[in-house]
Amino acid sequence: MVIGIKQVFSEICAMGISAEEKVPMSQYTSFKIGGNAEIIAFPSSEEQIAALLKLCKENTIPYFVLGNGSNLLVSDEGIAGVVINTGGLSALTYEGNGVINCGAGVSLSKLCNFALENNLTGLEFAFGIPGSVGGAVYMNAGAYGGEMKDVLLDCVYLAEDMSLKTVPVSDMALGYRSSMFAKNKGIVLSARFRLCSGDKKEIKEKMSEIIERRRSKQPLEYPSAGSVFKRPEGHFAGALIEKSGLKGKTIGGAAVSEKHAGFIINKGGASAKDVNDLIKYIQDKVLENSGVLLEPEIKTVGK
Ligand SMILES: Cc1cc2nc3c(=O)[nH]c(=O)nc-3n(C[C@H](O)[C@H](O)[C@H](O)COP(=O)(O)OP(=O)(O)OC[C@H]3O[C@@H](n4cnc5c(N)ncnc54)[C@H](O)[C@@H]3O)c2cc1C
C-alpha cells in the first residue's frame, strides 16, 4: 500500500532516523535562500540512507540528496518530498599508502586538514571549497589547477536500483563540474582518495596561500553559492560580466558582487526569484555584448 507524505514522516521517525517537517532550506544553503523542505531527514549511516531511499521509492515520494548546500539555489516554493541530508556520513580513516577513506558527508576542509595531519599532499587545491565530499564528487569540484578527478581513487554509491556499487575514478565520467551521478542518480556514500607523502610545513603553507587567495578575491562576507556560471571555453565568466558593466547590478536582495563579478551575493532577504531574474539579466547582457551564452554552474532545485 502506498502511503502519503504525513505517514512517510511517521515511518522515518519510527525507523529511528532524525527528521523534521517544513524546514526552511535557507537554513541549509550557503545562499541562505529557499522555501520549506516538506521533510528533511538526517540519516546517520549508509543503511539509513538505503532505508530512506526504499521508503521514498515504494511510495513514489520525491527525494533530494543534500550535501553542504553550497552549490544550490532552492526555489522560494521549497522542495517537495524528502531532503536527505548526508552530513551524518562522517567516517574518515587513513588506510595507509596515501589512501584516505572518507564518508560523503565530511566537509572538504575537514578532509584537507586530515590529509595535512597525515603528511599527505595533493588535496590542497580543495581547501576552502565549502562543499561535502559527496557534493564535490558529484560536481567534480576544482580550483587553482586541481580537481577531484586528480585525487580520487574510487567511490561507493547507492544505485537507483538500491544496489551498492563501487566505481573507480576512471568510470565516473568526471568532466568540468560534472559526473555520472547527475545522470544515474546514484547517491555517493563514501570516496577514497589517493595522495602522496609530503612535507607538513609545505602542505600547510600551500593551504594557507590558497585560503588567502580565496579571501582576497571572493566576497566571503556575503551568502552566495560561489561562481554562478561555468567557465565558457576561451573566456572567464567574471571578466565577461564585468566587461558588460554589471558589477553591483542588483535585483531585489540579489547583486552581482563588486569583488568578484562571477559571484551573485545575497545582500539580505534575496529570494530565489531575485537570483533567477538576475541570472537571466546577466545572460542576456553578456550574450548581447560578447556573443557568449553563460551556462549556470549552480543547481536549481525545488517546486
Ligand atoms: C564561497 C564559495 C566558493 C566556492 N568555490 C568553489 C570552487 O573553488 N570550486 C568548485 O568546484 N566549487 C566551488 N563552490 C561551489 C560548491 O562548494 C561546490 O560545487 C561543492 O562541491 C558542492 O558541494 P555540496 O556538498 O555543498 O553540494 P550541494 O550544494 O549540497 O549539492 C550539489 C549537487 O550535488 C548533489 N549531491 C550532494 N551530495 C551528494 C551525494 N552524496 N551523492 C549524490 N549527489 C550528491 C546534490 O544533489 C546537488 O545536485 C563554491 C561555493 C561557495 C559558496
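As a basis for the values below, the full set of heavy atoms in this structure was taken, side chains included, without hydrogen atoms, waters or symmetry mates. All ligand and atom numbering here is 1-based and tracks the order in the structure.
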Flag, side chain of Asp150 to backbone of Glu147, donor-acceptor distance under 3.5 Å: yes
Leu92 side chain reached by Phe114 side chain, heavy atoms, under 4.5 Å: yes
Considering only distance and modelled atom types, tabulate donor-acceptor pairs under 3.5 Å from the side chains of residues 224-231, sequence neighbours left out.
from, atom 1, to, atom 2, distance (Å)
Ser224, OG, Gly226, N, 3.1
Lys230, NZ, Glu295, OE2, 3.3

Taking atom 12 (N) of ligand 1 as the reference point, the nearest protein heavy atom with its distance: Ile129 CG2, 3.9 Å
Common cluster, Ile298/Phe263, ILVMFWY with side-chain heavy-atom separation under 4.5 Å: no
Sub-4.0 Å heavy-atom contact, Gly186 with ligand 1: yes
Ser70 contact mode with ligand 1 (heavy-atom cut-off under 4.0 Å): both
Ala225 and ligand 1 - part of the residue with a heavy-atom distance under 4.0 Å: backbone
Within reach of ligand 1, part of Leu220 (heavy-atom separation under 4.0 Å): side chain
Residue, atom name and distance, where the atom is the protein heavy atom closest to atom 38 (N) of ligand 1: Gly135 N, 3.4 Å
Test of proximity, Thr86 against ligand 1: N or O pairs below 3.5 Å: no
Val65-ligand 1 polar pair, N/O distance under 3.5 Å: yes
Protein contact to atom 41 (N) of ligand 1 [nearest heavy atom, distance to 0.1 Å]: Val188 O, 2.9 Å
Ligand-residue contact atoms, ligand 1 with Arg177, heavy atoms, under 4.0 Å: 11 (O)
Electrostatic pair Lys206:Glu202 at N-O distance under 4.0 angstrom: no
Side chain, backbone, both or neither: the part of Tyr138 lying under 4.0 Å from ligand 1 by heavy atom: side chain
Glu147 heavy atom under 4.0 Å from ligand 1: no
Contact check: Gly226 vs ligand 1, nitrogen or oxygen atoms, below 3.5 angstrom: no
Which of the ligand 1 atoms, numbered from 1, are nearer than 4.0 Å to a heavy atom of Ile187: 42 (N), 43 (C)
Geometric N/O contact Gln218 with ligand 1, under 3.5 angstrom: no
Those atoms of ligand 1 less than 4.0 Å from some heavy atom in Ala143: 8 (O)
Exam field: side chain Asn266 to backbone Ala254, donor-acceptor pair closer than 3.5 Å: no
Subset of ligand 1 atoms that lie under 4.0 Å from at least one heavy atom of Gly131: 17 (O), 20 (C), 23 (O), 24 (P), 25 (O), 26 (O)
Polar contact flag, side-chain donor to acceptor under 3.5 angstrom, Gln48-Ser44: yes
Distance from atom 29 (O) of ligand 1 to nearest protein heavy atom, with residue and atom: Asn71 N, 2.9 Å
Any N or O of Gly142 closer than 3.5 Å to N or O of ligand 1: yes
Close approach, Phe64 and ligand 1, non-hydrogen under 4.0 angstrom: yes
No-hydrogen, no-angle side-chain donor-acceptor test under 3.5 Å, Ser163 and Asp161: yes
Ala141 N/O under 3.5 Å from ligand 1 N/O: no
Closest approach of any protein heavy atom to atom 25 (O) of ligand 1, naming residue and atom: Ser132 OG, 2.6 Å
Asp76 (side chain) donor-acceptor with Ala272 (main chain) under 3.5 angstrom: yes
Pair Glu21 + Lys6, salt bridge at N-O below 4.0 Å: yes
N or O contact, Arg214 vs ligand 1, cut-off under 3.5 Å: yes
Side-chain donor or acceptor of Tyr28 paired with backbone N/O of Lys32 under 3.5 Å: no
Expected output: side-chain Asp274 to main-chain Gly253 donor-acceptor under 3.5 Å: yes
Exam field: side chain Asp199 to backbone Lys201, donor-acceptor pair closer than 3.5 Å: yes
Atom 28 (P) of ligand 1 [closest protein heavy-atom partner, distance rounded to 0.1 Å]: Gly69 N, 3.6 Å
Glu95 bridged to Arg192 by N-O distance under 4.0 Å: yes
SB check Glu160 Lys185 (cutoff 4.0 Å): no
Protein contact to atom 50 (C) of ligand 1 [nearest heavy atom, distance to 0.1 Å]: Pro130 CD, 3.6 Å
Backbone or side-chain N or O of Ser30 under 3.5 Å from ligand 1 N or O: no
Sidechain-backbone polar pair: Thr29 side chain, Ile33 backbone, donor-acceptor under 3.5 Å: yes
Nitrogen or oxygen atoms of Asn140 and ligand 1 under 3.5 Å apart: no
Identity and separation of the nearest protein heavy atom to atom 31 (O) of ligand 1: Leu72 CD2, 3.8 Å
All salt bridge (Lys or Arg N to Asp or Glu O under 4.0 Å) counterparts of Glu297, not counting sequence neighbours: Arg177
Numbered atoms of ligand 1 (with element) below 4.0 Å of Ala104, judged on heavy atoms: 41 (N)
